[in-house]
Amino acid sequence: MKARRSGLIRATLVALLLYAAAVGTLLVEVQLARSGPRLADERLELDGRIGPPTGAALRVVWLGDSTAAGVGASGPDAAVPR
């Protein structure tokens, strides 16, 4: 009984330490994001043809969040869809 209680206390402490580490990491990440450089809030034009102008075009549709919209990219050619 005593060993089981000791194990439960130890598991609770480990869980609390992991939680505190996760919260601390998130706080540091928020501070780094706030102090970093800001990019212009302009919409990137990502439509276009990539590659040689000959042959049948392959249509690709990107569905998703800001990654598909090119947020954080320095220009259209640096966006994931391009």
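All figures in this text were calculated on a predicted structure; none of them were measured in a lab. The basis for the numbers below is simple: all heavy atoms, side chains too, and nothing from hydrogens, waters or symmetry mates.
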Engineer: Any chance you could pull the hydrophobic cluster mates of Val30, using side-chain heavy atoms under 4.5 angstrom and chaining through other members?
Structural biologist: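 In the cluster with Val30 there is nothing else; it is isolated.
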
Engineer: By the rule that ILVMFWY residues connect when side-chain heavy atoms come within less than 4.5 angstrom, directly or transitively, which residues belong alongside Leu32?
Structural biologist: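 Via sub-4.5 Å side-chain contacts, Leu32 links to Val28.
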
Engineer: Show me the donor-acceptor pairs, under 3.5 Å and distance only, between side chains in residues 3-18 and residues at least two apart or in other chains.
Structural biologist:
residue	atom	partner	partner atom	Å
Ser6	OG	Arg10	NH2	3.4
Thr12	OG1	Leu8	O	2.8

